[in-house]
Amino acid sequence: MNELSLAGTPLEYFHVCAFFDSREQEYDVLIPFFKEAIEQGEKTIHIINPATFDDHRERLSKAGIDTHACEACGQLELHSWGGTYLDECGTFNKDRMLTTLAQTNEAAKKDGYTRVRIMGNMDWVFNDASKAKDILAYEAEVNEVLSYNRQPAICVYDIAKLSGSMMMDLLRTHPLTLINGVVQENPFYTPASEMLEELKHRQDNSAGSSTHAV
Amino acid sequence: MSDSPISPMAVSVDTATAEKSIRDLMGLLALPALWSGRDGETVLRLMIEAVERIVPVRFCLAQAVLPERPDFCLVRVEGNYLPEQVLDPWRAAAETWSGQRVPDGRVSEAMTPLRHMRIIYLSLGYGSCGGKIWFGSCDPAFPQVTQLAFLRAAASLAATGVQAARANHEREQASRAKDEFLAMLGHELRNPLAPIVMAIELLKLRSKEALSREHVIIERQANHLSRLVDDLLDVTRITRGKIELKKEPVKLKDVLLRAIEDTSTLMQERQHQLATDFPEQDIWIQGDAIRLAQVFTNLLTNAAKYTDVGGYVTVSMHVADTYAEVTVRDNGTGISPHLLPLLFNMFEQGAATIDRAKGGLGIGLALVKSFVGLHGGTVTAHSDGIGCGSEFTVRLPLLNPATSLAPVSIQDHSETPGKAVRVLIVDDNLDALESTAAYLQQSGHSVETTSDPLKVLDLATIFKPDVVILDIGLPVVDGYTLAARLREAFPAGTLRLVALTGYGQAADMKKSRDAGFDVHLVKPVAFRALNEAITKPVA
């Protein structure tokens with residue numbers, strides 16, 4: 001099997017939560033991960049803000065990735081948030097995204113790729129919180145899909161946009177974290193079933209307190 | 001109020017709970033990554049929000065001595081921060097709890113603005129940098145021993161975070177004070193420089209023969225000092241993010257010719273041969289012609305200075321993809337490999353820089369990098385080592401061909417003497433006052449002067465000037481106020497007001513305009529510019 005490493009560390013788990021202070025730090029750490037995939041002939045999918053497509057391509061090219069050729073042959077795919085994380089109404093659809101991931105993996109296998117690496121920029125979560133309600137449930141559930149398919153995925157979060165509670169939740173839903181350029185197996189990781197139960201409990205409590213408030 | 005101490009040793013915790021608690025604590029340890037570079041309030045907010053995810057608390061109240069906010073108070077109740085206007089009852093409650101002198105980490109029953117609750121107090125440090133935090137819950141079992149451990153760890157981390165934020169704030173303040181001092185120093189240096197430069201100009205005007213050797217030295221050194229002051233001011237503007245570019249379509253060749261002209265004296269003194277390689281077609285970019293000329297003047301000056309007498313300097317320009325590339329190459333002393341990576345750093349070059357080796361502030365290349373960067377371009381340096389010459393390449397994005405091109409002339413060097421006018425000059429710097437007056441008299445204008453701003457209105461009424469040149473930083477009544485008073489005293493269109501000041505930012509110019517000035521000049525001002533300011537029609 002091909003190498004699979006991030007920030008100089010071999011990966012044994014497949015769902016990584018990466019926190020970055022700046023885009024420079026982000027690309028500094030992720031470019032080797034992207035290059036490793038390209039050099040090993042793996043499929044690479046980047047789901048990013050459509051406004052940053054050109055900048056993203058330029059950064060990859062500057063790092064020595066033949067972006068044009070990789071996109072032309074289908075080895076590299078850039079997707080925007082709309083159509084992947086977000087539906088036509090701009091709302092996050094957990095089940096649709098989980099299905100898309102599974103289908104992507106199947107399609108890549110059919111095309112002869114040994115592995116699919118996914119990087120998702122998660123800034124959309126902070127644009128409209130009401131449309132990203134299921135994100136934590138998704139982050140909990142996607143572990144199974146990624147583990148089953150042995151499909152590495154990095155969820156990229158901007159540290160400046162996180163609240164303390166959001167960070168704690170994200171830490172609980174990812175078995176691997178990348179903070180300050182260091183990859184760590186996350187001892188705080190909470191199994192999906194337990195996390196989903198807690199989220200449901202929170203939702204019930206919230207509904208209950210709203211009713212009482214009225 | 002009753003205390004019920006929790007003794008960790010007396011409470012047994014099952015393995016599953018212990019493991020979960022360790023996992024929670026490990027998660028908490030990731031939290032400081034979030035507050036790197038944040039202020040004390042943000043650190044406390046992030047900590048409180050994180051705690052809520054692990055420990056079911058009803059409220060949290062944090063008090064801390066933050067920079068410029070000695071009575072900072074933050075209250076979060078059931079997941080929401082309370083606005084400042086409803087905090088008084090909480091502040092009063094906190095005062096009562098503090099008076100009870102319950103030990104750190106000890107649970108107590110206490111009345112809160114919500115209801116009776118179990119609360120726990122934890123210290124965020126003591127004294128002038130200290131703070132306190134209380135967590136409260138209605139749960140009769142609050143806090144379990146593992147929850148208490150978590151709260152202690154969170155408070156301890158937050159205390160460190162708040163202290164780091166304070167240190168950061170103090171460092172930034174010191175840095176800002178330094179920047180402001182440098183900016184002020186630059187402006188103050190301009191004041192004595194202005195009369196020196198003017199006096200030399202005046203000597204040149206009056207003398208029918210060439211200047212004496214001593215005068216030439218004074219002129220050269222005064223000009224050098226002016227450039228250093230300009231560089232110093234540019235540095236302070238860059239560090240404070242106050243550089244303003246006036247971007248227009250610019251023909252790059254004109255910029256390069258201007259830079260070559262500006263450095264021609266130095267090139268001749270050093271007996272260098274300068275060669276150019278420019279393409280026939282014009283290359284246009286969107287840029288600030290003055291700043292770009294400064295970039296290439298800096299590079300050419302370095303090439304001239306760091307090449308032995310009788311050397312070769314070439315300037316070439318060509319188009320590469322969507323960029324214009326300008327290369328300044330010399331066969332001079334070259335750059336050692338260890339210096340190359342530091343070359344463009346501001347302030348970090350130390351004694352090892354090429355600038356330091358030959359005097360100067362060591363900031364010329366840092367300015368080059370900043371100005372080029374502000375144009376969306378890059379500058380790179382290459383040298384095969386000491387004695388192998390140097391090569392600097394500036395890449396600037398080409399102007400979009402769709403943009404309409406309106407040629408920008410960099411500077412009009414022609415002398416256009418205007419008609420004689422009556423000029424009143426007001427400046428509390430007597431040397432500047434005398435030299436400006438002497439020059440304008442020499443040019444045929446009628447001149448009256450005063451260094452006392454309180455006499456300006458009376459003097460203007462008697463003298464009836466066409467133009468009043470006002471220093472801005474005057475004692476008792478500043479130039480802005482005087483301008484407004486003069487505007488009130490004289491009918492519209494009868495008086496031209498010229499501000500002559502050390503402050504030249506866009507904001508300063510706007511302030512001058514708002515005060516009624518027609519023209520804003522920055523010291524030291526060239527005679528030609530002064531002449532134009534008082535005689536040419538106002539734009």
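Proteins come first, then strands; the chains are lettered A, B, ... in the order of their sequence lines, and each starts at number 1.
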Rounded distance [0.5 Å steps], CE in A:M167 versus CD in B:E49: 12.5 Å
Euclidean distance, B:R53 CZ relative to A:R202 CZ, rounded to 0.5 Å: 3.5 Å
In terms of heavy-atom proximity below 4.5 Å to chain B, should A:L171 be classed as side chain, backbone, both, or neither? side chain
Might you confirm whether atom CZ of B:F72 has over 12 heavy atoms from other residues, nucleotides or ligands at distances under 6.0 Å? yes
A quick test of your reading: do over 12 heavy atoms of other residues, nucleotides or ligands sit less than 6.0 Å from CD of A:E71? yes
Looking at every non-hydrogen atom in both residues, tell me the closest pair between A:N180 and B:A33 and how far apart they are. ND2-CB, 4.3 Å
Kindly check if the number of other-residue, nucleotide or ligand heavy atoms within 6.0 Å of OH (B:Y81) is above 12? yes
Relative to chain B, which segment of A:I179 carries a heavy atom at a distance below 4.5 Å: side chain, backbone, both, or neither? side chain
Between A:M168 and the options B:V51, B:D24, B:L46, B:I54, the side chain to side chain contact (heavy atoms under 4.5 Å, CB included) test singles out B:I54
Has A:E194 got more than 12 heavy atoms of other residues, nucleotides or ligands less than 6.0 Å from its CD? yes
Counting neighbours of NZ on A:K94 that are heavy atoms of other residues, nucleotides or ligands and sit closer than 6.0 Å, is the number greater than 12? yes
In terms of heavy-atom pairs under 4.5 Å with chain A, which of B:E52, B:K20, B:M47, B:R38 leads? B:R38
Can you tell me if A:H68 has over 12 outside heavy atoms packed within less than 6.0 Å of its NE2? no
